[in-house]
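Shown next, in structure tokens, is the structure this report addresses.
Letters A, B, ... mirror the listed sequences (proteins, then strands); counts begin at 1.
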There are 4 protein chains.
Amino acid sequence: MIDLAKKKRAAATPAAPARLGRPRDEAARAAILRSANAILEEKGIGGFTIEAVAARAGVAKTTIYRWWPSKGALAMAGFLAETAPKISYPNSGSARADLISQLRRVASVYGGKTGRVLAAILAEGQRDPNTMTAYIEGYARPRREAAKAILSAGVERGELRADIDLEATVDVLYGPIYYRMLVPLAPLDPKWAEKMANHVFAGLLKSRPTSPKRS
Amino acid sequence: MIDLAKKKRAAATPAAPARLGRPRDEAARAAILRSANAILEEKGIGGFTIEAVAARAGVAKTTIYRWWPSKGALAMAGFLAETAPKISYPNSGSARADLISQLRRVASVYGGKTGRVLAAILAEGQRDPNTMTAYIEGYARPRREAAKAILSAGVERGELRADIDLEATVDVLYGPIYYRMLVPLAPLDPKWAEKMANHVFAGLLKSRPTSPKRS
Amino acid sequence: MIDLAKKKRAAATPAAPARLGRPRDEAARAAILRSANAILEEKGIGGFTIEAVAARAGVAKTTIYRWWPSKGALAMAGFLAETAPKISYPNSGSARADLISQLRRVASVYGGKTGRVLAAILAEGQRDPNTMTAYIEGYARPRREAAKAILSAGVERGELRADIDLEATVDVLYGPIYYRMLVPLAPLDPKWAEKMANHVFAGLLKSRPTSPKRS
Amino acid sequence: MIDLAKKKRAAATPAAPARLGRPRDEAARAAILRSANAILEEKGIGGFTIEAVAARAGVAKTTIYRWWPSKGALAMAGFLAETAPKISYPNSGSARADLISQLRRVASVYGGKTGRVLAAILAEGQRDPNTMTAYIEGYARPRREAAKAILSAGVERGELRADIDLEATVDVLYGPIYYRMLVPLAPLDPKWAEKMANHVFAGLLKSRPTSPKRS
DNA sequence: ATGTAAACGAGACGGTACGTCCAGTCTTGAA
DNA sequence: TTCAAGACTGGACGTACCGTCTCGTTTACAT
């Protein structure tokens, strides 16, 4: 009988965590993340307090603290769960076309309320290193890798110069978008993003267009 | 004696408002700004509280609130008074050389403790629009104008392409620096800044080097 | 197999109410009471939390709540199970001797860590009437009855005055001990208890009123 | 001039503490103490929370914490300010009459809502030693001294036996009242108090020992 | 010389949110 | 049916700063 039980467990849970105790309330989890995001979108970081999130989600503060160690972690989780999936990468075969298309979309999204969420995360990241790390490892790094993959495909294809530094290039393409997202000197929109990217690309392309590019 | 005083003031400050009452304590003013800056440099925005600044400056909270309306305003004032002057613009006759030299210096400064101050200001700016405005009007805009002047001189001199958009170009050159300042994905140093700028310039120069530049 | 189990239980407990399901874990019960008492002895009421008791007993909180409705009930149960039995009543034939001997022992016990437990129960009783009731009915009342029996035997024997009020007399003898137990104005020890009791037995007045006093 | 200023201050404030900063708000202080007392009277210790007191007094929690280090300290202060003054000592020339009159009044007061306050303080004192100390030094000790003074006057006058121990006697007279205040076995009223006191004064033994007992 | 008016230090005040501790309840799987 | 485990709602805790306020004191000019 002991054997049977053992076998059963082994069979039933090849990767299952053998849950014990009351299972986590998924509805609460979802409500918290949704609320966190909504508050950041509507009020920005100024109105983003754990108490406000708890109240809006109809949840006790302790439930939030049980699962997320800090405001920043919660903001990041909400962002990843709710809005990050909206921004993916295209793949058409042209590095320039793909990236410009992606930058346009990113500009459009970051220029809207999602930008407020991301700005809040970066602001919070200035006071809490863990938040910054969560942002870097959970969002920035993977997306940079995706961008670098497109760039390096372009290099191999002969579309882009062979001597470009991928990291620096990603910085050059995305840094301006973040700056405009954080600093409302001027609107952050797809048109500007395309113009900006064209400035950059004109220097990255191996063979330059004979006729001066359109800005 | 009355006449003398009047004359003196009239001479020294033709538009002075004939101050009444105890004059502002310049030592206190200086101590406050120095303390604000020092705290931001040492602790970052997390440790930057009005009470901490007051305590460090040996000053009453009221004295701070009398002159600066908010935390962000104080941070900005401290930054402008203490560290902003350190970063000026060169003028050698070559837009590319001038800008790269400037970008190297900026990278070096923003990569150090001054960067922490600026990052704190931008973070605070996310919650307080007035702080953001103060940063934009008091720091960002004038410096962008200086950068644009160099660029446009380069255009007129024929060094740079005529069709570049100055605003977008400034974004492209400085955005990446700000991003690295805010996000410690990778160090922010002059070497990287130069490499990054070269990537950008290779596309901005009217006549490109025949052999691909070495970054 | 079901039948077997049933039969076995039925056989083992001929007068049992035909219990169904898992039987109560007596070891857990004992561990809980022991832990409750130990915590009260060591930390006093301040450290006495259901969670602490559960942790120390190696038991789930639910198991405690299943059997005891409140903190006070648990404290009382622990006290009755562990330490109350230690204090019984003697019976030598002299009310005065018996009571003084008993008061000495009570003072000694209440002056030690058992006193902390009892003090905690009375404190908890101030916020929860059920705890107070449990203390009164489960401990105080029966012991008062025992004391009254000794007193009334003394009266019948002619050792004590006939006009004494038993309830008031018990209050007079035990009230001071409780006061010293609760208020560390001065130590609670057998020597003091004997002196105090002698005052009560002998009275305070230099000359006794000839006619029995009116109560 | 310096001398003048010094003289003036010295003259004006023989005992004044040379106030600095905004003076304490006496209205807030009074409201807090009043509220603390009222809550203890109405709800007992169970409803006595700092937040409730603050809310009722229309005062910020911080204002309470600024002046009283703990719940117990606040309760004690409220008690001393509001209700303690009501219970004073008489002085008629007879120890027995004075004490019985006083015990009747104390029983009457402790049997009412003031008793709930005092019971709460003693309960809180079981978890916080500072509260206990405050009770002892601020209330119990001085009142015991007053009682002892009456007793010792009675001794000198020849009304009371010369060999009584004053401390033990006070315990005997007041201990029962406290016990009934804390434990609602039976009502605490003046009639009972008088009967109880008479037992003490007269003694329990039918025949008194000829030679004064040795305690 | 004295009076007026602003600046300053000190610090109390009403508040908001923090992050934590426990209470007491609930939900699951195993015994 | 009990038990262990542990997630849940909820109330209060004591703390840190906020931005405002009320003082007594200081300083410089104006009379």
Determine yes or no for a side-chain-to-main-chain donor-acceptor pair under 3.5 angstrom, with C/Asp128 supplying the side chain and C/Gly72 the backbone.
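Looks like no, no N/O pair under 3.5 Å.
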
Indicate yes or no: at least one non-hydrogen side-chain atom of [X] is less than 4.5 angstrom from one of [Y].
X: D/Ile39; Y: D/Thr49; value: no
X: C/Ser70; Y: C/Thr131; value: yes
X: A/Gln126; Y: A/Met132; value: yes

Could you give all pairs that pass the ring-ring contact (aromatic ring centres under 6.0 Å, His included) test and reach residues 36-79 of chain A, with sequence neighbours left out?
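For residues 36-79 of chain A: A/Phe79-A/Tyr139.
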
I'd like to compare against my own output: the B/S/- annotation of nucleotides 10-15 of chain E with a strict under-4.0 Å heavy-atom distance to protein.
BBBBBB

Tell me which pairs pass salt bridge (charged side-chain N to carboxylate O under 4.0 Å, His left out) where either residue lies in residues 32-41 of chain C, with sequence neighbours left out.
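Output for this query lists C/Glu41-C/Lys113.
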
Could you give all pairs that pass the salt bridge (charged side-chain N to carboxylate O under 4.0 Å, His left out) test and reach residues 47-61 of chain A, with sequence neighbours left out?
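The answer is A/Glu42-A/Arg56, A/Glu51-A/Lys61.
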
I'd like to check the side-chain hydrogen bond (donor to acceptor under 3.5 Å, both in side chains) partners of C/Lys71; sequence neighbours left out, ordered by chain and number.
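For C/Lys71, no residue satisfies side-chain hydrogen bond (donor to acceptor under 3.5 Å, both in side chains) once neighbours in sequence are set aside.
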
Heavy atoms within less than 4.0 Å of DNA chain E: which residues of residues 44-55 of chain A have one? Give them sorted by number.
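The stretch gives A/Thr49, A/Ile50, A/Glu51 as the residues lying under 4.0 Å from the strand, ordered by number.
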
Please state how far atom [atom1] in [X] lies from atom [atom2] in [N], giving the value in whole angstrom units.
X: D/Ile39; N: F/dA12; atom1: CD1; atom2: P; result: 11 Å
X: A/Ile64; N: E/dG19; atom1: CD1; atom2: P; result: 11 Å
X: D/Lys43; N: F/dG11; atom1: NZ; atom2: C1'; result: 14 Å
X: A/Arg127; N: F/dA16; atom1: CZ; atom2: P; result: 17 Å

